[in-house]
Amino acid sequence: MTVPAPREGDQGAALSLRGLVKRFDTKLAVSEVSLEVPAGSFYGLLGPNGAGKTTTLSMAVGLLRPDAGHAVLLGHDVWADPAAAKARLGVLPDGVRLFDRLTGPELLAYHGLLRGMDAATVDQRARELLDVLELGTGNCTLVVDYSAGMRKKIGLACALLHAPRLLVLDEPFEAVDPVSAARIREILQRYVSGGGTVIFSSHVMEVVERLCSHVAILSDGVLRRHGTLDEVRDGSSLEEVFVRVVGGRVSTGSELAWL
Amino acid sequence: MALSPWPFVRLKLRLMVNGMRGRPARIVLFVLGAVMAGFFAISGYAIFAIPGVVGDARAAGMLLQLGGSLLVVGWLVLPLIFFGIDESLDPARFALFPLPRRTLITGMFAAALAGLPALSTLAATAGMVNTVAALGGAGAALIQVVGILGGLFLCVAASRAVTSAFATGLRSRRSRDLAVVMFAVLAALLGPLQLALLAGAERADWGAFAVLADVLGWTPLGAPYSLGLEVAEGRLWAVPLKLLIVLTTLAGLLRWWSATLESAMVGSVSESRGGDRDVASPTGLLLGRRLPRSRFGALVARETRYWWRETRRRAALITFTVAGIFLPVSISLSGGSAGPMAVFVGAIAAIALANQFGYEGNAYAANVTAAVPGRVEIHSRATAHAFFVLPLLLLVAVVVGAVTGRPERIAGDLGLLIATYGAGLGLVLPLSVRAAYALPESTSPFAVSSGGGAAKGLLTFGVMIGTLLATVPLQILAWTLGDVWLWIGLPAGAAFGCAAYLIGSGVAGDWLDRRMPEVLAAVTAGR
């Protein structure tokens, strides 16, 4: 598939979050999150369930209006200049239904045309993506009848179709079988080496440790650690850091002694 | 292995009792069910006994055969709606037991008979024995006892066979969608059917009913219930023939049941339709030949597909079609004026879009991330809806014109319809942006979320009234102009509708530009 060539003016931060706050009723879901995602980085956003990962990413891509703060995508404010910002962005939202009464090829064509691409390019890229992700170029099954892993893959294909400069992926490896996961990893790595930027959320340490150049750890809506992978790890394993930061129980060896 | 069906009956009763243990809500439901079954049994008995009490043989013939047929149909249809209530009878649960199919069939048949529905049906039809005894004496009554037992067996066998056949079918999404649409049609037909029945009853054409009843008496639906009647009327030769009809049907149903049982027990993987075929052009697949290769074209194509492929929308379209045609027709048949009535149709059509963003839920996120301009979004949705509605409006105008015998009014009526549809859209589109609400993630079109959604749903009533008020000037104009309206009605109505639509869609588009994330949050279930 075509790897987008790096463009001028993309240097610096691909995504920059400044003091994002979101409150649901009385619960503070995200509190003052500020984060710089350097262009060309592979950024992992880690956090336990309910940490505010999805909320943060939704605010970053313009799906959820923040109570305070700014999100700047490649130099364009998402909330002040949404059209320009969103044109350079590909999103795989988690837990969001796709337009699942379309077939896979139809869904890709829809996304491509929605992005203002011309029909010939859409056709060519859509077929290539369907082929590479092993979804079948002529598969007439409705997306609603897809398996969970296939949904993730068609969602990813939709996010990649217009060759965005920044990919925001929410739990891209959840429910995906190992073979497809390897294929997705490979595609994403190629995308980053071609100058693209990826930020994705996960709570699987191994994947993050294997892929990412940068990591941020979020818990209870607060950004606990962020930086390059080595900075955050600081000599120990990412899992140890994560458990320590998030405040999980550390085994003392004395509990459950009767086992 | 013993061939006794008793273990099945005991198992079913045990499951019923255990299901209620420690669950007051279920006990209440069971008691309610028992009360309803009792009510059904008593009232059924009373109704079926009336012709005997008054000694009217003609009424007996109609009531027994029509009522009996209705019972059989009820047994056929109701289990499909409430499939899965009776746990012990789910054949899939017996898949692991080494049971001969014969044992399984007799056992499940016996278990099905040991239930409130079967008991109350038997009690209700016992009223027929009363009637036949009064009309034809003890011999006829005895035959009728055989008849109602045969009828009950027929009811149970039919419902079991049908549920078994649908058991695998109803588990796949596609057939559930289909069933939902069938019930939407049924539900939509209820109103017109009632009107038609009332109209028929007013004319009191009892002769037609009597003929219908006698015809049904020779079908499996009514045959068992007319056995005693034939004796009472001295047509003894008919008894063995009708008995044969009942027994053959019963045997056929049991055989069908037995054949489908296997597949129902094993269950089958739902096969995907179409399969793979090489598609050269995904955009061609989406857009077809006519639509422009653009953002607008893609939006319209997706919307039109959704009006057909999504159950809630399809049900809305079907309900509108049925109501839109039958309402004006039945009104004009009973002597009312069809014109103003047809105007309701335009308003009802527009209301289908009142919660247009709710239909697809948070899938709308795709359009938000693609930054689709508000006006493009609104125009595309209205265009797709109009694809379906405008031909229907034409159909309504033509049908009403033909039924009332005034074809010269078709153009003018169509003008009024389009004007109302446009005015309705003008009001509904801004509403759909401001008052979008989440629909539950269910496949049933009848599922409605509780709470805020219901209150917002009330707004649609406001829209209906608003639409009617907005088109009042046009109505008055049409009425006062008389014959002139026949000529200028269509262009004037179309112009009025377009103007109203343009104003409303402009407002809605501008609002949407400012409120896209809020609309998305509103239609996301569980927030």
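Chain letters run A, B, ... following the sequence lines, proteins first, then strands; residues in each count from 1.
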Are Arg101(A) and Tyr306(B) linked by a side-chain donor-acceptor pair shorter than 3.5 Å?
no
Nearest 0.5 Å, what's the CG-CG distance between Leu285(B) and Leu107(A)?
11.5 Å
Atom CG of Leu64(A) and atom CG of Leu520(B): how far apart are they, to the nearest 0.5 Å?
8.5 Å
Part of Leu98(A) within contact of chain B (heavy atom distance under 4.5 Å)
backbone
Please report the shortest heavy-atom distance between Val61(A) and Thr369(B), naming the atom on each side.
O-CG2, 4.4 Å
Begin from the C-alpha positions of Leu114(A) and Phe296(B) and carry the test side chain to side chain contact (heavy atoms under 4.5 Å, CB included) through to its verdict.
CA-CA 8 Å; Leu114(A) 221 55; Phe296(B) 182 74; over 6 Å; no
Could you look at His162(A) and say if it's the side chain, the backbone, both or neither that has a heavy atom under 4.5 Å from chain B?
neither
d(Leu102(A) CG, Arg302(B) CZ) to nearest 0.5 Å is 7.5 Å
Please state whether the side chain, the backbone, both or neither of Arg305(B) comes within less than 4.5 Å of a heavy atom of chain A.
side chain
Give me the atom names and distance for the closest heavy-atom approach of Arg309(B) to Glu106(A).
NH1-OE1, 2.9 Å
With a 4.5 Å limit on heavy-atom distance, are the side chains of Arg127(A) and Pro282(B) in contact?
yes
Against chain A, label Leu299(B) side chain, backbone, both or neither, depending on which of its atoms sit under 4.5 Å from a heavy atom there.
both
Quick one: what part of Asp100(A) sits under 4.5 Å from any heavy atom of chain B, side chain, backbone, both or neither?
both
Taking the ring of Phe99(A) and the ring of Tyr364(B), is the distance between their centroids below 6.0 Å?
no
Straight-line distance of Arg295(B) CZ to Leu113(A) CG, nearest 0.5 Å
10.5 Å
How about His70(A): does its NE2 atom have over 12 heavy atoms from other parts shown lying under 6.0 Å from it?
no
Which bit of Val368(B) is near chain A, if near means a heavy-atom gap under 4.5 Å: side chain, backbone, both or neither?
both
Rounded to the nearest 0.5 Å, what separation is found between the CG atom of Asp118(A) and the OG atom of Ser294(B)?
12.0 Å
